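Below: the structure, in structure tokens.
All values reported here derive from a predicted model rather than from experimental measurement. Here is how names work: the chains are called A, B, and so on, in the same order as the sequence lines, proteins then strands, and each is numbered from 1. Just so it is clear, the values below take in all heavy atoms, side chains as well, and ignore hydrogens, waters and symmetry mates.
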Amino acid sequence: MVRALMLMVPLLLLTAPAWAQDDAPAVSAADAMFTADNIWMMVSTFLVFIMHLGFASVETGLTRAKNTVNILFKNTVIVAIGLLTYAAVGFNLMYPGGDYAGAWFGFAGFGISLPEGGDTLAYNGHFTYWTDFLFQGMFAATAATIVSGAVAERVKLGTFLLFSAIYVAVVYPIVGMWGWGGGWLAARGFHDFAGSTFVHSVGGWAALAGVLVLGPRLGKYSNGTIYPIMGHNLPLATAGMFFLWLGWFGFNGGSVLSADAATVSLVLVTTTLAAAAGLISSMAVSWIVQKKPDHTMILNGTLAGLVGITAGADCVTPMQSIIIGAVAGIIVVGAVIAIDRAKIDDPVGAISVHLVCGVWGTLAVGIWGEDYSLATQAIGVVVPGVVCFTVAFALFFVLKKTIGLRVPADEELRGLDLGEHGQEAYAGFQIF
Amino acid sequence: MVRALMLMVPLLLLTAPAWAQDDAPAVSAADAMFTADNIWMMVSTFLVFIMHLGFASVETGLTRAKNTVNILFKNTVIVAIGLLTYAAVGFNLMYPGGDYAGAWFGFAGFGISLPEGGDTLAYNGHFTYWTDFLFQGMFAATAATIVSGAVAERVKLGTFLLFSAIYVAVVYPIVGMWGWGGGWLAARGFHDFAGSTFVHSVGGWAALAGVLVLGPRLGKYSNGTIYPIMGHNLPLATAGMFFLWLGWFGFNGGSVLSADAATVSLVLVTTTLAAAAGLISSMAVSWIVQKKPDHTMILNGTLAGLVGITAGADCVTPMQSIIIGAVAGIIVVGAVIAIDRAKIDDPVGAISVHLVCGVWGTLAVGIWGEDYSLATQAIGVVVPGVVCFTVAFALFFVLKKTIGLRVPADEELRGLDLGEHGQEAYAGFQIF
Amino acid sequence: MVRALMLMVPLLLLTAPAWAQDDAPAVSAADAMFTADNIWMMVSTFLVFIMHLGFASVETGLTRAKNTVNILFKNTVIVAIGLLTYAAVGFNLMYPGGDYAGAWFGFAGFGISLPEGGDTLAYNGHFTYWTDFLFQGMFAATAATIVSGAVAERVKLGTFLLFSAIYVAVVYPIVGMWGWGGGWLAARGFHDFAGSTFVHSVGGWAALAGVLVLGPRLGKYSNGTIYPIMGHNLPLATAGMFFLWLGWFGFNGGSVLSADAATVSLVLVTTTLAAAAGLISSMAVSWIVQKKPDHTMILNGTLAGLVGITAGADCVTPMQSIIIGAVAGIIVVGAVIAIDRAKIDDPVGAISVHLVCGVWGTLAVGIWGEDYSLATQAIGVVVPGVVCFTVAFALFFVLKKTIGLRVPADEELRGLDLGEHGQEAYAGFQIF
């Protein structure tokens with residue numbers, strides 16, 4: 001019907017002068033700007049969405065073939081869990097409204113709908129209520145996805161999904177509200193532009209807690225020796241990194257919350273240069289330390305640069321972004337090696353990338369961001385860290401003692417694909 | 001040359017005040033809105049384009065390695081067939097102009113160009129003639145692609161390409177004209193926002209006809225037993241689902257035919273929530289019925305939610321979209337199982353996803369869409385269904401009796417890659 | 001903080017009338033248009049970025065499994081090299097400013113920053129300085145990536161990265177300046193809209209030089225026989241082609257350097273139709289010449305159509321774009337076969353696609369572009385060609401005689417993954 005109407009228009013216009021708009025109802029410049037801002041936020045939303053494919057691909061590629069279905073399954077379901085719980089409670093926990101300014105907690109009620117008298121258009125002057133929900137909702141699930149990679153290849157499917165649902169529905173939005181929803185960290189002048197802390201560290205602390213409660217994969221550490229477990233599909237992992245980088249343009253670019261040309265384009269430049277610098281520095285360190293350049297290290301180095309710049313992408317210069325990214329690329333190689341030596345088994349390096357570099361990025365704002373204090377940034381690292389780690393640890397511990405957290409040893413050896421899904425990822429491959 | 005000119009501009013402007021536009025020829029707010037609308041439609045076009053990669057990936061991933069080249073080939077060629085036939089005849093069959101209002105058929109002539117006196121800009125007030133062609137042309141091939149999945153692993157390449165060319169050049173645009181080109185269904189108030197019927201069912205009916213004429217794959221049904229044939233690459237199938245979901249943002253979002261912030265953002269929310277709901281409900285049903293959650297079921301459940309919401313994404317509430325998606329996710333699991341039991345061999349579940357859920361989505365508009373009637377929606381299901389199924393069945397039947405529809409049994413056993421292309425998809429894989 | 005402020009706004013607005021912008025500071029139509037233009041350029045930048053995943057996927061898919069890590073590594077690092085060298089010197093070599101109009105060389109200094117008194121917003125009236133840098137910087141690395149495919153499976157990693165860094169930092173921007181930076185070719189009226197010459201041929205000449213200095217892969221030509229070496233992952237190669245096509249919408253569409261609706265949408269149509277025509281014509285030729293349609297030929301045929309239309313996408317009609325693309329699709333099949341018979345070993349057909357069709361596209365502007373001369377276009381083919389080939393050949397030759405260009409024979413046989421990286425791409429695959 002809509003399309004049919006559109007079709008009529010050109011014919012009527014054949015008698016009109018060149019510009020169709022002459023006959024249209026008056027459009028104001030503010031309308032056009034609002035529409036442009038809203039387009040930008042929608043495009044950013046799509047880019048954040050594609051990060052979920054990126055996470056799924058990196059995690060699948062860096063683990064073994066026998067657990068592929070399970071990993072793909074988790075990463076697919078998490079998107080839906082994130083969106084639906086965000087619609088149910090998350091959005092209104094994270095952005096409860098001005099009554100809770102400076103607070104630790106607020107809740108604007110179940111479901112998604114404007115307060116009475118509100119208008120989806122007259123929402124914030126830049127985009128609609130629906131666009132805001134969708135952009136923020138796409139963010140929500142990423143925190144849980146970070147956990148997925150760390151606990152991969154041994155966690156029970158149902159338990160993990162339950163943990164994710166609780167963490168993303170309750171913990172993520174409440175902690176995020178402290179900074180982004182007008183809460184106490186916002187009141188103190190803490191700055192986390194797009195989520196080095198509120199997304200990456202929040203996910204990273206839970207990843208660390210999960211790994212500690214869960215323990216390493218069978219055969220990873222044995223008789224004091226560290227056995228590497230290689231990924232089964234590096235083209236997939238590489239594609240995943242590209243999707244994540246691509247998605248970060250929306251993750252950071254959309255966090256400007258308008259299409260303001262000067263700010264958004266600077267954010268895209270700092271984001272990109274930090275990623276490139278993290279890539280090169282991690283390559284250099286890997287080449288020197290490991291003698292040969294390790295491909296998975298540069299994948300993680302790039303992501304490290306991106307996580308590192310996320311807190312300050314809007315308040316550092318391009319040159320500073322290169323430094324932040326390069327340092328992140330160095331840190332992540334050291335962290336991956338150190339965490340493995342500490343016998344904390346993180347199959348994809350999620351703790352190194354998201355937690356360690358998330359902390360680095362948040363502190364870097366205190367170092368280079370003109371209007372921000374290192375002390376406040378440190379508070380913003382520590383308090384959310386303590387809360388997220390404690391809650392996640394407790395949650396994992398309770399789940400372990402009740403419904404069980406880990407698959408049986410024989411299932412782990414055969415693979416979770418057969419055990420949890422009765423399915424193989426490459427079943428039709430051999431039948432040539 | 002263009003770039004060289006651009007380069008000169010900043011230098012001249014160094015003496016000018018802050019905003020470069022001050023010196024530019026006057027820009028009206030309507031111009032800016034038109035440009036924004038046009039950007040949105042171009043972005044939507046790109047997203048619909050990426051759906052073709054999604055279809056190719058899902059179909060390849062859910063079938064066997066020995067038929068991979070063939071499937072990739074078909075899905076690649078179809079894009080070109082769709083675009084070129086749409087340029088030649090399809091666009092002017094689908095949108096023949098106001099003279100054919102309320103009609104069953106119209107044709108504005110071969111090739112793409114505006115009626116005399118027309119202007120690409122003064123086309124419909126929101127985007128140019130070229131943008132319209134490209135957006136609609138990207139849609140065209142999707143209908144044929146749906147058929148591809150259902151007839152995979154046994155259809156003759158040349159015959160399938162010929163069928164596709166005819167179907168997409170003639171059947172798709174004529175039936176689509178009934179609703180979107182101002183035809184008789186539009187006149188009756190039938191509503192199919194973005195194509196649950198005009199894309200998905202139109203493709204789905206042909207898929208059903210093709211499978212019936214073609215018969216099942218060798219070894220699928222034998223001595224009364226149903227043998228499952230597993231896909232060979234679930235990471236690929238999963239990536240395909242993500243590309244399809246991503247593309248659907250443009251498929252539905254672009255179908256607003258402007259960047260109108262309120263409408264587009266609501267459409268994106270209903271589209272997304274329906275997908276998430278279909279994912280979760282199909283997971284639940286699969287977990288209960290099949291004891292273990294089947295990954296391919298949630299892929300199809302997500303797509304089912306998307307197909308289901310496509311007809312009404314602009315006229316239902318977010319809560320209703322969750323219901324529509326959830327029901328679609330349940331329906332698709334039942335349909336996949338029932339169709340397999342009926343010994344209709346559809347390797348990827350295309351009939352269940354696109355036809356069954358396309359019908360569901362079209363009827364759902366009659367249930368929840370305020371201004372629409374269930375009876376009219378049913379007419380819009382039945383008449384296009386009868387026509388598409390009959391034409392497709394006749395076409396497949398004639399092709400079977402003339403040039404042949406199915407590859408020889410020995411080629412099917414060895415794989416179509418060697419038989420049709422003399423090529424293997426993973427030839428260099430073993431040479432370690 | 002930014003988010004927190006945004007959050008306050010809707011609450012204040014609940015008392016305001018429908019449109020939030022009524023209270024906002026006055027927005028001019030020119031501001032809105034500038035914002036829309038800038039959005040378009042940012043989206044185009046993202047699309048060009050995704051081409052790097054496309055190149056990586058095509059090259060990986062068309063080569064053997066044992067060299068996969070190496071190929072992924074090269075294609076990942078090149079993105080960072082391209083961006084960082086472009087920030088350091090490339091941008092200011094390519095666009096040195098008006099003082100160098102008509103010149104062969106110019107340099108505006110190290111690093112990225114506007115000339116004194118400049119303003120990122122008042123930069124060129126359509127997008128910011130940062131957007132310009134990022135869009136152009138994303139282009140830079142593509143030239144080096146083209147070389148990567150041709151020298152794959154035998155080039156030493158470190159040497160290749162060094163070559164790439166020099167070529168992309170110095171040669172690419174200096175030659176590009178001749179046409180796009182206001183140099184001597186621009187002054188002569190040479191037209192290369194988006195880079196058939198300045199990107200694709202510049203890369204293609206270096207690819208040819210590299211292959212000649214390097215020699216063929218072991219076992220490719222032996223005792224007068226040509227042995228085909230098959231790719232190991234055609235789904236990956238196919239996905240790569242789709243990513244490249246998608247990226248080309250930004251590569252060509254963004255080269256309009258504004259979101260001007262009429263020009264951009266026409267460019268998208270010519271780009272798309274040329275790709276489709278190249279696909280179909282290469283399929284036809286392959287089917288006739290090779291008896292069975294070769295899937296890798298249609299992948300290269302599509303890319304050939306895209307390379308062919310790149311120089312003239314803004315100055316030919318849709319019908320002419322179909323001819324240009326169709327001819328490119330025919331040329332590329334012939335070129336791939338002829339180059340192989342000449343025992344020039346180009347694993348992915350990079351020379352045929354980018355060099356041969358880049359030349360074709362540049363000349364096609366002289367044939368169909370109304371305001372352009374075939375003679376000038378030929379000069380623009382020959383001079384950059386001689387310079388690029390000579391410099392690249394000399395560079396490869398010096399590198400060969402100093403640090404070495406080729407891996408040892410035993411490493412080539414075992415694969416570069418183990419030799420250069422000590423890593424395998426599918427290590428975890430067998431452990432079922």
Sort [X] into side chain, backbone, both or neither according to what part of it lies under 4.5 angstrom from a heavy atom of chain C.
X: Leu268(A); result: both
X: Met241(A); result: side chain
X: Thr317(A); result: neither
X: Leu246(A); result: both

Heavy-atom proximity to chain A below 4.5 Å, by part of [X]:
X: Leu72(C); value: both
X: Val79(C); value: side chain
X: Met138(C); value: side chain
X: Thr68(C); value: side chain
X: Asn75(C); value: backbone
X: Leu161(C); value: side chain
X: Glu420(C); value: backbone

A side-chain contact here means heavy atoms from C-beta on lying under 4.5 Å apart; do [X] and [Y] qualify?
X: Trp245(A); Y: Thr272(A); result: yes
X: Leu416(C); Y: Glu411(C); result: yes
X: Trp130(C); Y: Ile112(C); result: yes
X: Trp40(A); Y: Ser258(A); result: no

Taking the six-membered ring for Trp, are [X] and [Y] parallel (under 30°), tilted (30 to 60°) or perpendicular (over 60°)?
X: Tyr123(C); Y: Tyr129(C); value: perpendicular
X: Phe73(C); Y: Trp287(A); value: perpendicular
X: Phe139(A); Y: Trp180(A); value: perpendicular

TODO: Using a heavy-atom cutoff of under 4.5 Å, enumerate the residues of residues 46-63 of chain C that contact chain A, numbered in order, or state 'none'.
DONE: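 Against chain A, the residues of residues 46-63 of chain C that fall inside the cut-off (heavy atoms, under 4.5 Å) are Phe46(C), Phe49(C), Ile50(C), His52(C), Leu53(C), Thr60(C).
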TODO: Against chain A, work out which of Asn233(C), Leu236(C), Val77(C) has the most heavy-atom pairs shorter than 4.5 Å and name it.
DONE: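 Option with the greatest count: Val77(C).
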What I want to check is whether the side chains of [X] and [Y] have a donor and an acceptor closer together than 3.5 Å.
X: Thr270(A); Y: Ser321(A); answer: no
X: Gln136(C); Y: Tyr86(C); answer: no
X: Thr376(A); Y: His191(A); answer: no

Using a cut-off of under 4.5 Å for heavy-atom pairs, which of [options] has the most such pairs with chain C?
options: Ala237(A), Ala259(A), Ala276(A); result: Ala276(A)
options: Ala36(A), Pro235(A), Ala275(A), Ala32(A); result: Pro235(A)
options: Leu273(A), Asn67(A), Leu299(A), Val43(A); result: Leu273(A)
options: Ile280(A), Ile322(A), Ile229(A), Thr302(A); result: Ile280(A)

Task: Contact summary for Ser44(A) and Gly253(A), nearest pair of heavy atoms - done: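 So the minimum-distance heavy-atom pair works out to OG-C, 4.2 Å.
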Open item on the list: Could you check, using the six-membered ring where one of them is a Trp, whether His232(A) and Tyr426(C) have ring centers closer than 6.0 angstrom?
Closed with: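 Aromatic pair excluded; centres sit 6.0 Å or further apart.
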Task: Phe127(C)-Phe133(C) aromatic ring centre distance below 6.0 Å - done: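 Distance test on ring centres: not under 6.0 Å, no.
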TODO: Go through the structure and list residues passing salt bridge (Lys or Arg N to Asp or Glu O under 4.0 Å) with Glu153(C), not counting sequence neighbours.
DONE: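 If we apply the salt bridge (Lys or Arg N to Asp or Glu O under 4.0 Å) test to Glu153(C), skipping adjacent residues, the hits are Arg64(C), Arg217(C).
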